[in-house]
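As C-alpha cells, the structure follows; a few thoughts come after it.
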Amino acid sequence: MNLEILLKEHFGYDSFKIGQKEVITSILAGKHTLAMLPTGTGKSLCYQLPGLILSGHILVISPLLSLMQDQVEQFKRFGEKRVVALNSFLTQEEKNSVLRQLKKYKFIFISPEMLSVPFILRKLSELSISLFVVDEAHCISQWGYDFRPDYSKLGDIRQKLGDPLTLALTATATKQVRKDIIQSLSIENCRKVETTIDRPNIAFKVEKLAEYHDKQNRVVELVTKLQKPGIIYFSSKKLAEQMASLLAEKGICRTMAYHGGQDPNTRVLIQQQFIHGQLDVICATSAFGMGVNKENIRFIVHYHMPMQLESYLQEIGRAGRDGKLSIAILLYSPGDEHLPIQLAEGELPSEQQIDWLFSKIEQEVKYTDGNLHLNNHLCELGGFNEIQWRILEELINDTPQNNRKELQKTIQLFLKKRLTAKMNNIFHMKTWVESNVCRREFIMEYFDDELTNKVIPCCDQCGLQLKDYHSSIDHTKTTTNELSWMEYLGKILMKNELSE
Amino acid sequence: MKQIESISLYCLKKLNRERTIYSIYHLLNGKKSSQTIQDAHLFSLKHLFGIYDTLTRESFEIIIQNMIKKKWINNCGEQRFDLTPEGEVNLFHSNIPSFLNGWIYHQFTNDFWERLSLLVQVASNFVNHENQYIPIQKNKDVHFWLKTILKEIQVPRLEMGSMLFSELVDCFKEAKNADPSVLIFRLTGYQQIGLTPEQTAKRLNMDIHDYHIEFINIIHYLLQKINRETKNFPLLSLLIRDLKQNNELTISSRKTWTLLNQGYSLERIADIRHLKLSTIEDHFVEFALHINDFSIDDYVEKNLQDTILEISRQINSRQLKFIRDKVKTASYFQIRLVLAKYGER
Ligand SMILES: Nc1ncnc2c1ncn2[C@@H]1O[C@H](COP(=O)(O)OP(=O)(O)O)[C@@H](O)[C@H]1O
Ligand SMILES: [Mg+2]
Ligand SMILES: [Zn+2]
C-alpha cells in the first residue's frame, strides 16, 4: 500500500511532514506509539490516515472542547462525515441520539470526563476499536504543565476497552513526562517517534530592560522595524488591548487585540483577518493560537514571561512555519516572575478555600451510595473555577472517603505538589532568561533533545543581528483604496464583474 | 450630536420626569420586566425597546454624565432629569433613525444578522468554487437553517452570489438616511473577512454607540422591507422564515410570556387566562430559569435577592422552607425566582 498516494488522494498533500510517516507506519504495524511532534506538524493526520485503512473505530481523547470542535470541522472539510464529538456541548437529546448510532461514526472524539461515565464506556466497549488516540498526552503527567486528573484514568479505561492499539500524541514533553505517559497508559513496549523540537529557522532573543515601563516603547520600536506579520503575547487582557490601541493610534501597523474576554464572533473575525493578511500584528493572550495555521508569521514577541518553557515553545512555534527566518523575542525586566507566580497560585484552589469547602461538607452530611456527594453549588460559593472544581471532584471521588480529615489532608498535599511543580516550571523559565549559555541548547537540554546542527543565526548568546529581521521594504501602510459598500458587496458576491 | 444622545433626550422628554434615567437604560436593553414593558407602551417608546441589548450600565451612565456636563439636561431629583432649553433645541434638530422598530423586531435582529452573514459567506464561496473555509457563524441553529434552505433553493449555486447581490442592492434603494455600509463591511466572503463592529465604526468615523444604533436601524429596515415585499426578494425572504422565539418554554408558559410582553401584570395574566396565580408564578420561575434577559428585579427587591442568596449559601441549602425560616419577609415565590435566576443549575 502506498501511503503517499493515499495522502495525495484523500488530503491533497504532496508529501508527509516530518515524523508523520514513521508514526503512521508504526501504527499500521500494530505497535503502540508515542509521538512527540512539534505543534503544527499535523499530528491529527497520524490517526486520520490510518483511519482510512483500519477497519474499526478510531477513538480520540482530547482535553479541550474548542479543540475538539475545530478538529471535527477540519474532518468535515476533508469530506469525512463519519465523525462526532462527544462532550458536554451536546444536549442530553443529542447525546442519546449519538450514542444510539455510535456504530455509524468512524472517528469518535471524546472528552476524558465523558469516558468515565460507565454507561458511555459500556457503549464504547461494544464497538471494535482499532485505535485509541490520546491527544495532548502530556496532560497525563503530574509533572506536565497542564495536568488533568481525569487523564490519569485513561490507563484503566484502556484496559476496560480491551487493550486497544494506542497512539499518544504530544508536542512538548520532558523525559519525565514521556515516562509518565508510557507508564500511565501501560504501553511499555511502545515505539517512540520523537522528532527534534528544534525549529532552526526561529532565532531567540531575550531583551533585558531596566524598568517594566520601558517595555511599551520597546515594543513600539520593535513592531515598527520588524518584518511582519507577528504576534505579541501578553499575560493580561488589558495590556493586550492597550498595546493594540497604541500601535493603531500611531499608525504603525494594522493590529487588533485578541483575548478570551472578547465575544466569540469578534474573536473568529480577528483570527481570520490575521490569517488572511488583513491584519499585521495580533496583541494576544495565550488564548490565541490554537488552530491558527498561518505559514508566514515572522516574529513572536513576549511582553510577559510565560509560566513554563513548554508554553513558550508552543507559542513561538507559531512563527516560521514556512521555514523562513523568524525571531522570538522575550522582554524581561527585574521582578517579572511575580506575575506568573501569582497566576500559578490562582490556578489552584487555596488552602483557605479547601478548609472552607470541608467545613461546608461537614454541614452537608450527604451520603449517596455511601459516598460523599459534592454539591455543585459549593463551586460557585467557594469561588472555585471550573478546572479547580473538576480536580477536586476527581480527587474526592478517587480517594477512600471513610476518613474526611484524611481526605482533606490528601487534597492539601496534592495541591502543594502541584504548586511545587508549577513553581519549578517558572524557575526553569527564569533560569533560561538569565542564563548565559546558548538559548537553543538550554531548551534542547531541558527536553532531553539533541542539537544536531548548529544553526546561524541562533540566539542572542551566540550572536545575532536584529536588523536581519527588519522589514526590507519601508512599510508605509498600503492604504487600500476604500471601496464603497456596493463595490465591496460586488467584490465578495460577483466573481468577475465588479472585482478587478 | 451623537445619535445615542438624541435618543436619550427623546426618551427623557417622553418620560416627562415620571421615571428615572435607568428606565431608559432598561428600555434600550429590552429588559423583560412588566415595568419596562409598561413604560414602553405608556410613553410611546415601543420602537426603542431592546435596540441596544449590549449597552452596559457604565457606558450609559457616561453618556448621561456627558449630557449633564454639556448642560442639556437638568437633574430634578431622584435620578430624574428634564431637558434644558439647549437640550430642547438639540432634540428639535435631531433625527432618530427612522426604521427602528424594536418592539416588533428586537427578538429577531440577531438571528437575522447571523443568517444573512452566513448566507453571504456561503454564496461568495460558491461563486469562487471554494468549499474549504471556516464558517464565520458558529451558531448551530443557523447552520441548520442554512442546510434546510440550501436544499430548497432552486437557483444554481454559482448564481446565488449575483442574485443575492441584486436583491440586497434593490432592497437598499429606498433606505433613506440609512447607510448600508454599516452592515455591508461586516460581511465575510471568499478570502475577505468582514470587519468587527469596532473596526466598522472606526472606518466610518462613527462613535461606537451610534454605529450600533445605525446597524440595528438598517437591520430593522431590511426586516420590514423583506417582510412587506416577500415576492420581490426570493432569497432574502428565506432569512425571515420561521424566525423562532424562546423554544425552551412550555406552550402554556409561552402564552403567559406573550401576555407579559404586552405589559400585563402577573395577577392580570392569571385573570385573563383563568388560571391560578400559583400556575402563573410557576411560569415566571420558568422564565427566570430559561430566559437570560428576564429580570426578576420587579418581583424581588435587589436587597432581598442578596439576602436570599446569602442565606441559601450560609445554610447551604436550596430548601425553600429553610430559607423562608431565615428570611421571613420573602415569599416562597420570591425565593424560587431568586434560586432559579442565580442558583446553580
Ligand atoms: N503532510 C502534510 N502536508 C501539508 N500540510 C499538512 C500535512 N499534514 C497536516 N497538514 C496541515 O497542518 C496543519 C496542522 O495540523 P494539526 O494536526 O492541527 O497539527 P498539530 O496537532 O500537530 O498541531 C493542518 O492545517 C493540516 O491540514
Ligand atoms: Mg493537535
Ligand atoms: Zn545559540
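By convention in this document, chain letters (A, B, ...) are assigned in the order of the sequence lines, proteins followed by strands, and residues within each chain are numbered from 1. Computed from a predicted structure; not experimentally measured.
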query = Under 3.5 Å, is there a donor-acceptor pair between the side chain of A:Gln278 and the main chain of B:Ile193?
reply = yes

message = Could you measure the distance from the CD atom of B:Gln191 to the CD1 atom of A:Ile275? Nearest 0.5 Å is fine.
response = 12.0 Å

key: A:Met486 side, atom CE; B:Phe172 side, atom CZ - distance, nearest 0.5 Å   = 10.0 Å

inquiry  = Counting only non-hydrogen atoms closer than 4.5 Å, does B:Tyr133 touch chain A with its backbone (N, CA, C, O), its side chain (CB onward), both, or neither?
reply    = backbone

request  = List the atom of A:Lys491, the atom of B:Gln192, and the distance in Å for their closest heavy-atom pair.
outcome  = NZ-OE1, 2.8 Å

inquiry  = Heavy-atom pairs under 4.5 Å with chain A: which of B:Pro135, B:Ala123, B:Gly194 has the most?
reply    = B:Gly194

inquiry  = Would you say NZ of B:Lys138 has more than 12 non-hydrogen atoms from neighbouring residues, nucleotides or ligands within 6.0 angstrom?
reply    = yes

ask   = For atom CG of B:Asp207, is the number of surrounding heavy atoms from other residues, nucleotides or ligands below 6.0 Å larger than 12?
value = yes

query = Counting only N and O atoms by type, is there a donor-acceptor contact under 3.5 Å from the side chain of A:Tyr488 to the main-chain atoms of B:Leu187?
reply = yes

ask   = Taking the side chain from B:Ser124 and the backbone from A:Ile492, do they hold a donor-acceptor pair closer than 3.5 Å?
value = yes

remark   = When every non-hydrogen atom of B:Val127 is compared with those of A:Met494, the smallest separation belongs to CG1-C, 4.4 Å

Value rounded to 0.5 Å, distance of NZ in A:Lys76 from CG in B:Asn131 = 15.0 Å

request  = Pick one of side chain, backbone, both or neither for B:Asp179, based on which atoms fall under 4.5 Å of a heavy atom in chain A.
outcome  = side chain

request  = Give a yes or no on whether B:Lys326 atom NZ has more than 12 heavy-atom contacts from other residues, nucleotides or ligands under 6.0 Å away.
outcome  = no

inquiry  = Working note: B:Thr196 + A:Met256, criterion side chain to side chain contact (heavy atoms under 4.5 Å, CB included); need CA distance, chi angles, decisive distance, verdict.
reply    = CA-CA 10 Å; B:Thr196 67; A:Met256 288 294 282; 4.0 Å; yes

request  = With a 4.5 angstrom heavy-atom cut-off, could you sort out which part of B:Glu159 is near chain A: side chain, backbone, both or neither?
outcome  = neither

ask   = Any idea which of A:Thr266, A:Leu269, A:Val268, A:Leu493 has the most non-hydrogen atom pairs under 4.5 angstrom with chain B?
value = A:Leu493

note = Value for CD (B:Gln199) from CG (A:Leu279), rounded to nearest 0.5 Å, stands at 6.0 Å

note = Rounding to 0.5 Å, atoms CD (A:Glu487) and CD1 (B:Ile184) come to a distance of 12.5 Å

ask   = Can you check whether B:Leu195 reaches A:Gln273 side chain to side chain, under 4.5 Å on heavy atoms?
value = yes

task = Evaluate the criterion side chain to side chain contact (heavy atoms under 4.5 Å, CB included) for residue pair A:Gln272 and B:Thr188; output intermediate values, then yes/no.
result = CA-CA 10 Å; A:Gln272 291 300 313; B:Thr188 290; over 6 Å; no

